[in-house]
Amino acid sequence: MPQAKLVSLLAVILCLASGAFASATYTYTGHPFTQRDGFFGDRFTEIDISLIFDQSLGPSDGYFYMGGSNYGRLLDWQVSDGVITYGMSGFGALQTGMIVTNPTGQIVLWLFAAGETYSNGMFFQDLSYWGSDQALIGGTGTILDSIGRIDGSPGTWTGPGQTQTPEPGSFALVLGALAVGTAYRRRRARR
């Protein structure tokens with residue numbers, strides 16, 4: 001009778017685990033800017049991006065954010081240039097976002113622009129795409145007009161395989177394996 005209870009418990013655990021998934025974090029680290037001009041130019045370092053999606057991007061998959069619609073997949077984001085950090089819960093807004101994977105799931109095309117524009121003409125923007133990274137602070141010809149830029153040297157993306165949060169399903173499978181191991185040892189001990 002105890003064996004039937006154990007099998008029932010394992011079946012429930014595995015059924016619950018089959019529908020579980022975890023969020024996926026993707027990070028982009030750009031190369032140091034080669035062009036730096038203006039008051040803040042020397043302070044710009046490189047573009048760094050962090051994106052948290054509701055689940056991993058699959059092979060030949062895409063994500064697009066335009067006009068304020070993220071289609072529910074992007075949970076959080078942050079873009080930084082070494083001087084200013086833009087984020088979902090902070091300064092600025094995501095103006096454009098696009099990410100495309102190839103058939104093996106590698107990120108091959110992207111475009112992310114985050115920034116803030118004021119009514120007096122002052123603007124701040126970080127931009128990254130597969131051919132260029134740049135940071136801009138501009139305005140009406142003030143000393144704050146600054147740029148940091150690198151062309152033709154895309155940075156590196158890391159993805160779910162290295163930064164993914166533990167899946168609830170994996171935890172359930174470990175519990176199931178422990179239960180099976182305990183039952184096996186009890187059965188051997190009775191012999």
Side-chain angles (χ1 to χ4, degrees), residues 17-36 40-41 43-118 123-138 146-171:
S18 64
F21 62 88
S23 61
T25 301
Y26 292 85
T27 57
Y28 173 82
T29 304
H31 292 285
F33 293 126
T34 53
Q35 175 190 352
R36 298 172 191 202
F40 287 105
R43 293 178 179 96
F44 290 135
T45 55
E46 75 274 338
I47 296 291
D48 293 312
I49 301 172
S50 175
L51 308 170
I52 301 175
F53 288 97
D54 60 356
Q55 59 185 326
S56 299
L57 297 170
S60 302
D61 199 358
Y63 167 78
F64 303 93
Y65 177 97
M66 310 241 174
S69 298
N70 72 4
Y71 307 104
R73 295 187 68 187
L74 186 62
L75 302 177
D76 199 5
W77 63 273
Q78 183 172 307
V79 178
S80 176
D81 56 33
V83 175
I84 299 171
T85 299
Y86 307 91
M88 184 175 275
S89 58
F91 178 72
L94 185 59
Q95 299 164 337
T96 303
M98 177 193 77
I99 196 165
V100 177
T101 62
N102 67 13
T104 64
Q106 301 270 337
I107 296 171
V108 291
L109 299 174
W110 69 92
L111 168 62
F112 283 91
E116 185 69 50
T117 303
Y118 294 102
F123 65 91
F124 304 84
Q125 185 183 59
D126 283 356
L127 172 69
S128 177
Y129 65 96
W130 59 95
S132 178
D133 289 343
Q134 67 181 15
L136 300 168
I137 298 177
S146 302
I147 187 170
R149 183 178 181 97
I150 183 168
D151 291 318
S153 184
T156 304
W157 282 98
T158 57
Q162 296 173 10
T163 59
Q164 189 169 9
T165 58
E167 296 183 23
S170 299
F171 182 72

Output, in order, the C-alpha distance, side-chain angles, deciding distance and verdict of side chain to side chain contact (heavy atoms under 4.5 Å, CB included) for L51 and Y28.
CA-CA 9 Å; L51 308 170; Y28 173 82; over 6 Å; no

For a side chain to side chain contact (heavy atoms under 4.5 Å, CB included) check, start with the C-alpha distance between L94 and Y65, then their side-chain angles and the critical distance, and finish with the verdict.
CA-CA 8 Å; L94 185 59; Y65 177 97; 3.8 Å; yes

What closest approach, in Å, do [X] and [Y] show between heavy atoms, and which atom pair accounts for it?
{"X": "F124", "Y": "I84", "answer": "CD2-CD1, 3.3 Å"}
{"X": "G82", "Y": "T45", "answer": "CA-OG1, 3.4 Å"}
{"X": "L57", "Y": "Y63", "answer": "CD2-CB, 4.4 Å"}
{"X": "G58", "Y": "T101", "answer": "O-OG1, 2.6 Å"}
{"X": "F91", "Y": "T85", "answer": "CB-O, 3.9 Å"}
{"X": "P32", "Y": "I150", "answer": "O-CD1, 3.3 Å"}

Between atom [atom1] of [X] and atom [atom2] of [Y], what is the distance when rounded to the nearest 0.5 Å?
{"X": "D81", "Y": "D126", "atom1": "CG", "atom2": "CG", "value": "4.0 Å"}
{"X": "S80", "Y": "Y86", "atom1": "OG", "atom2": "OH", "value": "9.0 Å"}
{"X": "I137", "Y": "E116", "atom1": "CD1", "atom2": "CD", "value": "12.5 Å"}
{"X": "I47", "Y": "H31", "atom1": "CD1", "atom2": "NE2", "value": "13.0 Å"}
{"X": "T29", "Y": "E46", "atom1": "OG1", "atom2": "CD", "value": "7.0 Å"}

Test side chain to side chain donor-acceptor pair (under 3.5 Å) applied to Q125 and Q134, step by step:
CA-CA 8 Å; Q125 185 183 59; Q134 67 181 15; 4.6 Å; no

Do S132 and D151 have side-chain atoms, one donor and one acceptor, less than 3.5 Å apart?
yes

Trace of the side chain to side chain contact (heavy atoms under 4.5 Å, CB included) decision for S50 with T25
CA-CA 7 Å; S50 175; T25 301; 4.2 Å; yes

For T27 and T158, what are the C-alpha separation, side-chain angles and deciding distance, and is it a side chain to side chain donor-acceptor pair (under 3.5 Å)?
CA-CA 5 Å; T27 57; T158 57; 2.4 Å; yes

Geometric class of the F44/F33 ring pair [parallel <30°, tilted 30-60°, perpendicular >60°]
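Perpendicular.
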
Whether W110 and W130 hold their rings parallel, tilted or perpendicular, with breakpoints at 30° and 60°:
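Perpendicular, since the angle between the ring planes exceeds 60°.
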
Going by heavy atoms in the side chains, are [X] and [Y] under 4.5 Å from each other?
{"X": "F53", "Y": "P160", "result": "no"}
{"X": "S23", "Y": "L75", "result": "yes"}
{"X": "Q78", "Y": "I49", "result": "no"}

I'd like to know whether the aromatic ring centres of F112 and Y129 sit less than 6.0 Å apart in this structure.
no

Intermediate values then yes/no, side chain to side chain contact (heavy atoms under 4.5 Å, CB included), L136 and F123:
CA-CA 8 Å; L136 300 168; F123 65 91; 4.2 Å; yes

In sequence, state the C-alpha distance, the side-chain angles, and the governing distance for D133 and S128, and then conclude on side chain to side chain donor-acceptor pair (under 3.5 Å).
CA-CA 4 Å; D133 289 343; S128 177; 2.7 Å; yes

Below 4.0 angstrom, N of the basic side chain to O of the carboxylate: do D61 and R73 qualify?
yes

